[in-house]
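First the proteins, then the strands, lettered A, B, ... as listed; each starts at 1.
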Number of protein chains: 2
Amino acid sequence: MATGRNHRPATRSRGIPEATVARLPLYLRALTALSERSVPTVSSEELASAAGVNSAKLRKDFSYLGSYGTRGVGYDVEYLVYQISRELGLTQDWPVVIVGIGNLGAALANYGGFASRGFRVAALIDADHAMTGAQVAGLPVQHVDDLETIIRTNGVSIGVITTPGSAAQQVCDRLVGAGITSILNFAPTVLSVPDGVDVRKVDLSIELQILAFHEQRKATDELARNGGPGPSGAPPDDQGPEGDIPAVMPA
Amino acid sequence: MATGRNHRPATRSRGIPEATVARLPLYLRALTALSERSVPTVSSEELASAAGVNSAKLRKDFSYLGSYGTRGVGYDVEYLVYQISRELGLTQDWPVVIVGIGNLGAALANYGGFASRGFRVAALIDADHAMTGAQVAGLPVQHVDDLETIIRTNGVSIGVITTPGSAAQQVCDRLVGAGITSILNFAPTVLSVPDGVDVRKVDLSIELQILAFHEQRKATDELARNGGPGPSGAPPDDQGPEGDIPAVMPA
DNA sequence: ATGCCTTTGTGAACGCGTGCACAAAGACGG
DNA sequence: CCGTCTTTGTGCACGCGTTCACAAAGGCAT
Ligand SMILES: NC(=O)c1ccc[n+]([C@@H]2O[C@H](COP(=O)([O-])OP(=O)(O)OC[C@H]3O[C@@H](n4cnc5c(N)ncnc54)[C@H](O)[C@@H]3O)[C@@H](O)[C@H]2O)c1
Ligand SMILES: NC(=O)c1ccc[n+]([C@@H]2O[C@H](COP(=O)([O-])OP(=O)(O)OC[C@H]3O[C@@H](n4cnc5c(N)ncnc54)[C@H](O)[C@@H]3O)[C@@H](O)[C@H]2O)c1
């Protein structure tokens with residue numbers, strides 16, 4: 001949320017914690033795999049392992065949905081697939097528009113994983129006239145001038161932004177103006193949207209930087225282990241302005 | 001200050017909370033933009049607004065790094081850029097390999113945002129012999145047979161997986177075996193790795209499903225508002241309204 | 001039916017993250 | 001040099017999320 005002054009219960013919708021909602025797709029994926037192998041039931045332990053989470057967490061997550069398990073047996077796979085799908089709103093069709101059909105936008109358009117779960121690429125939109133009319137992934141690229149019409153005609157409520165960062169806020173504003181209430185943003189920009197509009201971002205650069213942080217920490221930990229754990233020869237750094245190694249961690 | 005239990009200190013590295021680490025790239029991006037506009041100092045309020053966070057949160061985040069501000073004035077932009085860069089490990093070069101040069105892998109390889117901050121695509125790897133040797137983004141695609149050699153030769157410690165999900169775990173195992181300790185996974189798979197290896201995942205499908213959940217909630221809230229606002233009995237029944245399914249468990 | 005054994009569902013404790021509110025710090029003008 | 005005014009840095013309280021641990025539930029064999 002950009003300007004989150006109005007603290008509404010948006011964090012916890014319908015009693016289902018946000019953290020749980022974020023894990024439901026994970027469970028659903030694991031359950032679908034089991035379903036394809038015709039496995040009738042799973043225990044919380046097995047399913048949790050497949051989803052990469054703690055079994056207690058999984059049981060608590062499911063408890064927010066209802067009592068869908070059988071004690072001593074586990075969960076019925078098909079039944080649970082249906083319940084989670086319904087809870088996530090995947091029993092209906094979600095038309096999606098992608099704005100900015102460059103490298104990334106085209107890759108997303110070609111991605112088969114969309115259709116697998118209720119999501120359907122309804123339209124591709126770009127500002128480049130040279131691109132308008134060209135076919136990408138079997139769909140015509142339409143011009144951004146027609147953005148509002150395209151969205152209203154197709155009843156789209158989810159938009160994906162894959163334009164350069166400089167255009168992202170502008171595109172976002174038009175999407176919201178046209179009635180979009182959910183946005184998935186791949187551009188490296190903080191979008192500001194009115195209340196009632198959800199924004200999620202996917203940021204490669206941020207992910208890499210987080211990895212780099214931990215990577216660096218591992219390296220310095222390694223050095224500290226090898227270099228000698230006795231920092232008795234106190235480093236002369238008190239609060240050096242620049243070029244100074246971060247504070248040493250206490251042993 | 002015994003941590004009570006000798007749990008894994010992986011959650012909280014060097015005293016900097018994980019949530020803070022995840023926001024540092026955001027601050028860095030905002031600061032870089034200010035730096036390019038030659039803005040000398042920023043207040044926590046301004047910077048927080050640019051980064052889309054609360055100012056108190058920002059100040060607390062920075063307090064973990066040290067006292068880098070000047071009361072009554074704010075933060076020196078250049079200095080803070082340097083401090084955060086150093087903390088994130090961006091003052092050094094991070095060679096990265098991308099495995100799986102399909103739609104997504106090629107898009108990532110072509111992405112200019114990599115080099116902007118210490119990250120450098122060192123090699124592209126694919127299993128398809130027809131692709132080996134071809135140039136993508138000015139780099140030759142190398143065969144997965146040489147994965148270990150490529151990683152060791154280039155001193156790579158960060159790997160990006162953009163193969164199909166079915167190959168992801170296998171590729172992951174080889175990456176880890178070759179010495180990779182940080183993985184960014186785009187495949188829809190839960191990777192299992194040994195201790196000491198960090199995995200972050202980017203999952204388009206999960207993001208869309210989370211959006212769909214909230215979208216559905218908005219729709220039902222809207223309906224409920226129009227239908228009839230029950231004073232306390234907001235949920236009419238805990239089962240689905242019209243798409244009501246029999247709560248039978250196939251036995 | 002009865003008792004055993006497995007697994008769920010959840011109460012409770014705990015730790016982390018967030019946001020408030022304010023005292024301390026320092027710049028700056030007079 | 002002093003007062004004022006701005007902004008930082010943080011103590012504190014609160015709520016969310018995670019995990020433990022266990023009683024209740026139910027299948028199943030006898
Ligand atoms: N390519 C990647 O792997 C990658 C990774 C992470 C993030 N990103 C981000 O995703 C975005 C797209 O990356 P890309 O590599 O595909 O860039 P790109 O330049 O290949 O594509 C951008 C497309 O957006 C179109 N566009 C520009 N302004 C527009 C507007 N106002 N309305 C509609 N369309 C517009 C352009 O015509 C172009 O086709 C960028 O913000 C980038 O930072 C990309
Ligand atoms: N394309 C997208 O927009 C998108 C979005 C989200 C997630 N994903 C995921 O990213 C992954 C890649 O998607 P894509 O659309 O680029 O698929 P793709 O089929 O276009 O590319 C996959 C590439 O991986 C290579 N490969 C297969 N097995 C390999 C192995 N064992 N070692 C090395 N390389 C191997 C293939 O040769 C191919 O070039 C998939 O897991 C997909 O689910 C893609």
Side-chain angles (χ1 to χ4, degrees), chain A residues 1 3-24 26-27 39-49 51-77 79-80 83 239 247, chain B residues 1-24 26-27 39-49 51-77 79-80 83 210 238 249-251:
Chain A
M1 311 298 177
T3 46
R5 194 168 299 267
N6 216 353
H7 208 305
R8 66 175 57 210
T11 30
R12 188 152 172 182
S13 354
R14 230 295 293 295
I16 301 185
E18 189 60 29
T20 295
V21 173
R23 281 188 294 268
L24 289 182
L26 226 47
Y27 302 144
V39 177
T41 59
V42 272
S43 67
S44 62
E45 201 70 51
E46 293 168 315
L47 186 54
S49 165
V53 302
N54 183 298
S55 72
K57 195 186 295 188
L58 178 141
R59 286 200 300 276
K60 178 140 290 193
D61 283 343
F62 285 176
S63 77
Y64 293 115
L65 309 183
S67 281
Y68 293 152
T70 305
R71 297 178 189 226
V73 175
Y75 299 90
D76 182 274
V77 171
Y79 185 63
L80 206 45
Q83 289 298 339
Q239 185 79 20
Chain B
M1 69 189 45
T3 28
R5 200 166 307 259
N6 203 3
H7 219 352
R8 218 163 311 158
T11 28
R12 188 151 171 183
S13 353
R14 228 293 299 294
I16 300 184
E18 188 60 29
T20 295
V21 173
R23 281 188 294 267
L24 289 182
L26 227 48
Y27 302 144
V39 176
T41 59
V42 271
S43 68
S44 64
E45 201 70 51
E46 294 168 313
L47 185 54
S49 166
V53 302
N54 183 297
S55 72
K57 197 186 294 186
L58 177 141
R59 286 199 299 277
K60 179 143 294 194
D61 283 342
F62 285 176
S63 78
Y64 292 115
L65 308 185
S67 283
Y68 293 153
T70 304
R71 298 179 188 225
V73 175
Y75 299 90
D76 182 273
V77 172
Y79 185 61
L80 205 47
Q83 289 299 338
I210 295 172
D238 46 343
M249 295 267 291

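- Using a 4.0 Å heavy-atom criterion, one finds that Y75(B) contacts the sugar-phosphate atoms exclusively.
- Listed by chain and number, the residues in a side chain to side chain donor-acceptor pair (under 3.5 Å) with S49(B) amount to none (sequence neighbours excluded).
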Next item on the list: Check the pair Y68(B), F62(B) against ring pair (Phe, Tyr, Trp, His ring centres under 6.0 Å), reporting the backbone distance first and the verdict last.
Entry: CA-CA 8 Å; Y68(B) 293 153; F62(B) 285 176; 8.3 Å; no
Margin query: Output one letter per nucleotide in nucleotides 22-30 of chain C: B when a protein non-hydrogen atom lies under 4.0 Å from the base, S when only the sugar-phosphate is that close, - when neither is.
Written below: --BB-S---
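- Remark: L58(B) CG to R23(B) CZ distance equals 9.0 Å, nearest 0.5 Å.
- Counting to the nearest Å, the P atom of dC16(D) and the CZ atom of R23(A) are 15 Å from each other.
- Taking atom CG of residue D61(A) and atom C1' of nucleotide dT19(D), one finds them 12 Å apart after rounding to whole Å.
- Interatomic distance, CD of E46(B) versus OG1 of T41(B), reported as 7.5 Å (0.5 Å rounding).
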Checklist line | Intermediate values then yes/no, side chain to side chain contact (heavy atoms under 4.5 Å, CB included), L24(B) and L65(B) | finding: CA-CA 10 Å; L24(B) 289 182; L65(B) 308 185; 4.1 Å; yes
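- Rounded to an integer number of Å, the gap from CZ of F62(A) to P of dT7(C) is 16 Å.
- The side chain of S43(A) sits closest to dT8(C) out of dT18(C), dC20(D), dT8(C).
- Atom pair D76(A):CG and dG26(D):P shows a separation of 16 Å (rounding to whole Å applied).
- Here dA21(C) presents its C1' atom at 14 Å from CD of E45(B), a figure rounded to the nearest Å.
- You won't find any donor-acceptor pair under 3.5 Å spanning the side chain of K60(B) and the base of dG9(D), going by distance alone.
- OP1 or OP2 of dT8(C) sits under 4.0 Å from a side-chain N or O of S44(A).
- Atom-to-atom, NZ of K57(B) to C1' of dG15(D) comes out at 13 Å; the value is rounded to the nearest Å.
- The two residues S44(B) and S55(B) come nearest to each other via the heavy atoms O-CB, 3.9 Å.
- Between the OH atom of Y68(B) and the P atom of dT10(D) there is a distance of 13 Å, rounded to whole Å.
- Each of A56(A) and A19(A) has a nearest nucleotide on DNA chain D; the 5'-most of these lies closest to A19(A).
- In terms of heavy-atom proximity, Y75(B) sits nearest to R59(B) at OH-CG, 3.8 Å.
- Atom pair L47(A):CG and dT6(C):P shows a separation of 20 Å (rounding to whole Å applied).
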